[in-house]
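See structure below.
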Amino acid sequence: MSAAGGSSAVLTVTVRAGGDAYDVLIGAGLLGRLGELVGGPATQAVVVCDENVAPLYLERVLSGLVSAGRRPSSIVLPPGEQAKTQATLALLYDRLYDLGVGRDDAVVALGGGVVGDMAGYAAATFLRGVDLVQVPTTLLAMVDAAVGGKVAVDYREGKNYLGTFYQPRLVVEDPDTLATLPEREVRGGWAEVVKHGLLAGGPTLELTESGAAHPAHPDPRLLEADVRFKAAVVGRDPREITGARAILNLGHTVGHAIEAAGAFAGYSHGEAVGLGLRAALWLSERLAGLDAREAVRGQELISAVGLPERLTGVAADDVARLIARDKKVAAGTAGFVLLESVGRPVAGMAVPAKLQSEVIAWLLNR
Ligand code: ADP
Ligand code: ZN
């Protein structure tokens, strides 16, 4: 696809997942050019966003679609993870039905991971699949959620319990949209950016380190490196079968436990993952041969992006119990992802219970 042109460059990453291939376009100002970029046979384009994103970007996207000759409409959902339910999904289906959406039409998911997951799941299932264009507007969604084709809604206590794999036709990322993102959301996204940097090592880690100075304005080349990294991992394991995707769990075993220990109220996902990455570095030094200087380098990067220095307000026992509840840890096998060095992750590491307690104590007292 020749998307380049205009004043600023467009970076393109082609994602191959199973038999599908699609482009991720990254560039400042792309939001205003969405109509021309979406192209394709679809006549109607239904933009799905939430109540926070609508006043900021919906108008621009709709008028871009009009000038490109499309028939746009919009569905505005309540914001936040608590809206990621079957009830909201039912509302989406009702609206798509009332709008007369057909197989040649497209759903445009404009927003963070929550909107991408919900609109994506609706697009995957409505009429057994209509075209999906992902337009992520959070850092987390740009580097993580919008790449890989996972779409889902929550069910009871289960996050992403109902879902499927459905690759978009196109992903458009405009870093200018991050200027309005609340600071805490920016920081949360950086947890995944740091995770990718530690997993990829090399130039990706260097770009991450230099980007940490301007968290709200990430270099498009950093976004490109992150998307490229995630795409490569996903390409090896499109449907999470071979285990190659497991390395993306770096920092998440302890992170999820911290998130749950705070009853999903204290630490955000990103903040908890930041602490989980600290734990993974500490454990990697002891169990996987990570060089002490590289561990320090990782810890400093986590600090540089403003993620928490230490664990507070959470009981050590709760975190330990929640780690043990993790299915893989309980099986004593594929629990932890650790680093032999930056850029060299190992999945499936068993961590003795004693070291699990020690790392929690270290997080509380560092
Ligand atoms: P995530 O992408 O981290 O999974 P959400 O989809 O819940 O998270 O988005 C996080 C919050 O940020 C939501 O309240 C959403 O409405 C809001 N939001 C998303 N994108 C932007 C943006 N570009 N500017 C301002 N707020 C945004
Ligand atoms: Zn995560």
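Whatever order the structure lists them in is the order used to number ligands and atoms, beginning at 1. The structure displayed is predicted, hence computed values, not measured ones. Because only heavy atoms are used, hydrogens play no part in the values below, and waters and symmetry mates are left out as well, while side chains stay in.
Only the side chain of Pro182 comes within 4.0 Å of ligand 1, counting heavy atoms alone; its backbone N, CA, C and O stay farther away. Under 4.0 angstrom from ligand 1, the non-hydrogen atoms of Asp50 all belong to its side chain.
Using a 4.0 angstrom heavy-atom cutoff, Ala179 does not count as in contact with ligand 1. Distances shorter than 4.0 angstrom do not occur between any heavy atom of Glu81 and any atom of ligand 1.
Ligand-side atoms of ligand 1 in range of Leu56: 24 (N), 25 (C), range being under 4.0 angstrom from any heavy atom. Interface atoms of ligand 1 facing Val53, defined by a heavy-atom separation under 4.0 Å, are 18 (N), 19 (C), 20 (N), 21 (C), 27 (C). Under a 4.0 Å criterion applied to the non-hydrogen atoms of Asn52, ligand 1 contributes the atoms 13 (C), 14 (O), 15 (C), 16 (O). Shown in contact with Leu140 at under 4.0 Å from a heavy atom are these atoms of ligand 1, numbered in order with element: 1 (P), 2 (O), 3 (O), 4 (O). Close contacts between ligand 1 and Glu185 involve ligand atoms 3 (O), 10 (C), 11 (C) [criterion: under 4.0 Å to a heavy atom]. Listed by number with element, the atoms of ligand 1 under 4.0 angstrom from any heavy atom of Val114 are 4 (O), 5 (P), 6 (O), 7 (O). The atoms of ligand 1 that sit less than 4.0 Å from any heavy atom of Gly112 are 2 (O), 6 (O). Contact atoms of ligand 1 toward Tyr57: 23 (N) (distance under 4.0 Å to a heavy atom of the residue).
Polar contact with ligand 1: present for Gly113 (N/O pair, distance under 3.5 Å).
Distance alone, capped at 3.5 Å, places no donor-acceptor pair between the Arg169 side chain and the Val130 backbone. Between the Asp237 side chain and the Arg245 main chain, a donor and an acceptor come within less than 3.5 Å of each other. Formation of a donor-acceptor pair under 3.5 Å by the Thr253 side chain with backbone atoms of Gly335 is found in this model.
Of the protein's non-hydrogen atoms, Thr138 CG2, 3.7 Å is the one closest to atom 9 (O) of ligand 1. Of all protein heavy atoms, the one closest to atom 20 (N) of ligand 1 is Thr137 OG1, 2.7 Å. With hydrogens left out, the protein atom closest to atom 25 (C) of ligand 1 is Thr180 O, 3.2 Å, a heavy atom. Looking only at protein heavy atoms, the nearest one to atom 12 (O) of ligand 1 is Leu181 CD1, 3.9 Å.
Remark: Arg16 CZ is loosely packed, at most 12 non-hydrogen atoms of other residues, nucleotides or ligands lying under 6.0 Å away.
Side-chain N/O atoms of Asp23 and Thr14 include a donor and acceptor closer than 3.5 Å. Looking only at atom types and distance, the side chain of Thr43 has no donor-acceptor partner in the side chain of Asp104 under 3.5 Å away.
Among the atoms of Glu192, an N, O or S atom falls under 2.8 Å from the Zn ion (ligand 2).
For the salt bridge (charged side-chain N to carboxylate O under 4.0 Å, His left out) test with Asp117, the passing option among Lys84, Lys150, Lys159 is Lys84; the others fail. Considering Ser67, Ser73, Pro72 in turn, Pro72 is the only one that fulfils the side-chain contact (heavy atoms from CB on, under 4.5 Å) rule with Leu62.
For the pair Arg278 and Trp282, the cation-pi criterion (under 6.0 Å, within 45° of the ring axis) is not fulfilled.
The atom name of the N/O/S atom in His252 closest to the Zn ion (ligand 2) is NE2.
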Exercise for review: Under the side-chain hydrogen bond (donor to acceptor under 3.5 Å, both in side chains) rule, what do Glu259 and His252 come out as? Steps first, then yes or no, please.
Suggested key: CA-CA 10 Å; Glu259 203 180 352; His252 279 64; over 6 Å; no
Exercise for review: Before giving the answer on side-chain hydrogen bond (donor to acceptor under 3.5 Å, both in side chains), spell out for Tyr93 and Thr125 the whole-Å C-alpha distance, their side-chain angles and the decisive distance to 0.1 Å.
Suggested key: CA-CA 9 Å; Tyr93 290 141; Thr125 47; 2.5 Å; yes
Exercise for review: Walk me through it: do Tyr57 and Thr180 pass the test side-chain hydrogen bond (donor to acceptor under 3.5 Å, both in side chains)?
Suggested key: CA-CA 10 Å; Tyr57 301 114; Thr180 54; 2.6 Å; yes
